[in-house]
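Quick notes on the structure that follows.
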Number of protein chains: 2
Amino acid sequence: MEPQRTSVDPPIKLAIADSLRMKIEKGQLEPGDSLPTLHELTTKWNCSITSAREALNLLKEQGLVSGGRGRPLRVRGLGAQTRRSSTRHQWEKDRVHEPEEERRKAGTSELETNKPIGDVDFTATYSRIPASKDVATALGVEEDSDVIQRVYETKDRKTKHRTNWSVSYIPVSLISKNPELLDEKNEPWPGGTQHQLSTVGIEIMKVVDEVTSRMSTTVERQLWGLDTGVPMLRVRRISYDRHGTPVEISDADYPADRTVLEFMTELKEW
Amino acid sequence: MEPQRTSVDPPIKLAIADSLRMKIEKGQLEPGDSLPTLHELTTKWNCSITSAREALNLLKEQGLVSGGRGRPLRVRGLGAQTRRSSTRHQWEKDRVHEPEEERRKAGTSELETNKPIGDVDFTATYSRIPASKDVATALGVEEDSDVIQRVYETKDRKTKHRTNWSVSYIPVSLISKNPELLDEKNEPWPGGTQHQLSTVGIEIMKVVDEVTSRMSTTVERQLWGLDTGVPMLRVRRISYDRHGTPVEISDADYPADRTVLEFMTELKEW
DNA sequence: GAGTGGTCTAGACCACTGT
DNA sequence: CAGTGGTCTAGACCACTCC
């Protein structure tokens, strides 16, 4: 039985939630274990069912618990984590001068996913649009100037859940020499963006990745098939050419429960 | 007036939340604007006050809204963002061979913060502990072997809120030659970890940052003074010496609403 | 069909904010 | 002091899962 509660002092939902959280952190409740039912909580804590529910809601918000819908709530384990490494940038560059069959085998970072191809639907959507303020600033061009927006998405063929999403912007002026780059029908392009840019004489020399995170919205949770309490990682990648001019920016979203971003920095010798 | 709702179909709390979310995304409600009061929502949507509250709760979970406690709820803006760049690793290495006064001025990444020193309390806590499985694997040493754990924390002197937190692990065998490295009284060490390691002949040649994100817990929200709906970024940094052996790992937490992590990758010329 | 959580009602009382 | 949101009660009804 839990201690007598006085009128003020921590809300009962917090007391319940913290007690359960501690059990999870101490390992008394392991991933996969069922939590106490709502009914058990109400009698154990002598509270209404709503308070018990609010406590469990807190744990769901925090991503510690999932389930429900007729199933008991269970402690969430860490699913398989996909590693996305910044060494991929160099790897892709190395493949630009390989023959097309080689590049075709390699896949692209826009499409990169752990699933066998064929189990996913890939779409690429190109649009010529005026640059938004944000995009224009990042690319160092005038606002409303002509850019091509390329949206990449993959979905699991069975579940229809999104598995990959990114959007990329390139000033049209940089690539209009090669009309094939303006046509989404050429996607997926063997060798990816770096090869595309190489066809108009652009060599990427530097890539800057900016990483932030925010909570997923209800809509995103549906699209990706996420539990509540799963944040999204947002990576803005800015690619620079030989002159240090930004030539492409790309924003990608990754569900944080299945993603580790890896960045390598080599330091100069003393 | 909102349309008639049928019995099945999206829960009313979702309908309310999505309607408000769309207004925010379209800019009809700008950062700082007040949301409708609970009472207004109940009459507009013809629902109970609990449903209205649940809708607002969803928006708070998603970090779109903050306030409350006698104040009206308001649309949350993006606060000032601190940039943490991976170029810092090289920058710190460059300073290792500078005289002590120089290093002292420079500050260290463990302490790095935007606030003037003197407005924050800095603490460093060292403990010799047996390596956990996780730490042992990352460092490539035996489980339970002797490591030094160093916990760094800064707090805002006025608000008492945490502004910085990280924990670092080094195998004791690597640094026991220099007993000063085992004493927390020598913190903050001018020049930081890279200089500390240089005193026992270790040169860091490669740093790998692993970035993940997870929702903040209620306890963390109190410690850091965070709103609900703010995820934490977690960075595990692994530093390698000349032989490619991992010599230090460090886990740092950053509140995602005020942090951008930046990573630079230079590519080799064709 | 029994049991689970998900949604919702219709209130009450409180702490806190602002005037 | 009036008004806000925060917490809580004591239920009801539903969809879903599992047996």
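Here the structure is a predicted model, which is why all the values come from computation and not from measurement. Just so you know, these numbers use all the heavy atoms, side chains as well, and skip hydrogens, waters and symmetry mates. Reminder, nothing fancy here: chain letters follow the sequence lines and each chain counts from 1.
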Ser168(B), Ser166(B), Ser250(B) screened by side chain to side chain donor-acceptor pair (under 3.5 Å) with Arg150(B), the one that passes: Ser168(B)

Distance in angstrom units between Leu38(A) CG and dT7(C) P, rounded: 12 Å

Out of dG6(C), dT4(C), dG6(D), whichever nucleotide has its closest atom nearest the side chain of Thr37(A): dT4(C)

Atom pair distance, as rounded to whole Å: CG in Leu14(B) and P in dT7(C): 7 Å

Asp18(B): partners by salt bridge (Lys or Arg N to Asp or Glu O under 4.0 Å), with sequence neighbours left out: Arg21(B)

Name the atoms and distances for all side-chain donor-acceptor pairs under 3.5 Å in residues 63-75 of chain B, with sequence neighbours left out.
| from | atom 1 | to | atom 2 | distance (Å) |
| --- | --- | --- | --- | --- |
| Arg74(B) | NH1 | Gly32(B) | O | 2.9 |
| Arg74(B) | NH1 | Ser34(B) | OG | 3.1 |

Those residues that, when tested against Ile49(B), pass side-chain contact (heavy atoms from CB on, under 4.5 Å) (two or more places apart): Leu38(B), Thr42(B), Arg53(B)

Side chain proximity check, Ser51(B) to Trp45(B), heavy atoms < 4.5 angstrom: no

Distance below 4.0 Å between Lys60(B) side-chain N/O and dG6(D) OP1 or OP2: yes

Selection from dT17(D), dT17(C), dC8(C) that lies nearest to any side-chain heavy atom of Arg71(B): dT17(C)

Full working for side chain to side chain contact (heavy atoms under 4.5 Å, CB included) between Leu226(B) and Met232(B): CA-CA 10 Å; Leu226(B) 302 180; Met232(B) 298 294 290; 3.9 Å; yes

Full working for side chain to side chain contact (heavy atoms under 4.5 Å, CB included) between Phe263(B) and Leu261(A): CA-CA 11 Å; Phe263(B) 299 94; Leu261(A) 303 172; over 6 Å; no

Carboxylate-amine/guanidinium contact Lys23(A) Asp33(A), below 4.0 Å: no

Below 3.5 Å is the cut-off: list the nitrogen or oxygen pairs between protein and nucleotides 9-12 of chain C, distance only.
| from | atom 1 | to | atom 2 | distance (Å) |
| --- | --- | --- | --- | --- |
| dT9(C) | OP2 | Ser48(B) | N | 2.7 |
| dT9(C) | OP2 | Ser48(B) | OG | 2.8 |
| dT9(C) | OP2 | Ser51(B) | OG | 2.5 |
| dA10(C) | N6 | Thr50(B) | OG1 | 3.0 |

Residues within residues 220-228 of chain B bordering DNA chain C, heavy-atom distance below 4.0 Å: none

Test side chain to side chain contact (heavy atoms under 4.5 Å, CB included) applied to Thr125(A) and Glu184(A), step by step: CA-CA 6 Å; Thr125(A) 314; Glu184(A) 66 193 28; 4.0 Å; yes

Distance in angstrom units between Leu56(A) CG and dG6(C) P, rounded: 8 Å

Nearest-Å distance for atom pair CG/P, residues Asn57(B) and dG5(D): 12 Å

Distance, rounded to the nearest Å, where Glu61(B) contributes CD and dG6(D) contributes C1': 15 Å

Arg221(A) side chain vs Ser216(A) backbone, donor-acceptor pair below 3.5 Å: yes

Lys13(A) side-chain N/O to dG6(D) phosphate OP1/OP2 under 4.0 Å: no

Non-hydrogen atoms of Val120(A) and Asp156(A) that approach each other most closely: CG1-CA, 4.3 Å

Terminal axes of the helix from dG1(C)-dC18(D) to dG18(C)-dC1(D) (five pairs each): angle between them, nearest 10 degrees: 10°

Rounded distance (Å) that lies between atom P of dG5(C) and atom CG of Leu41(A): 8 Å

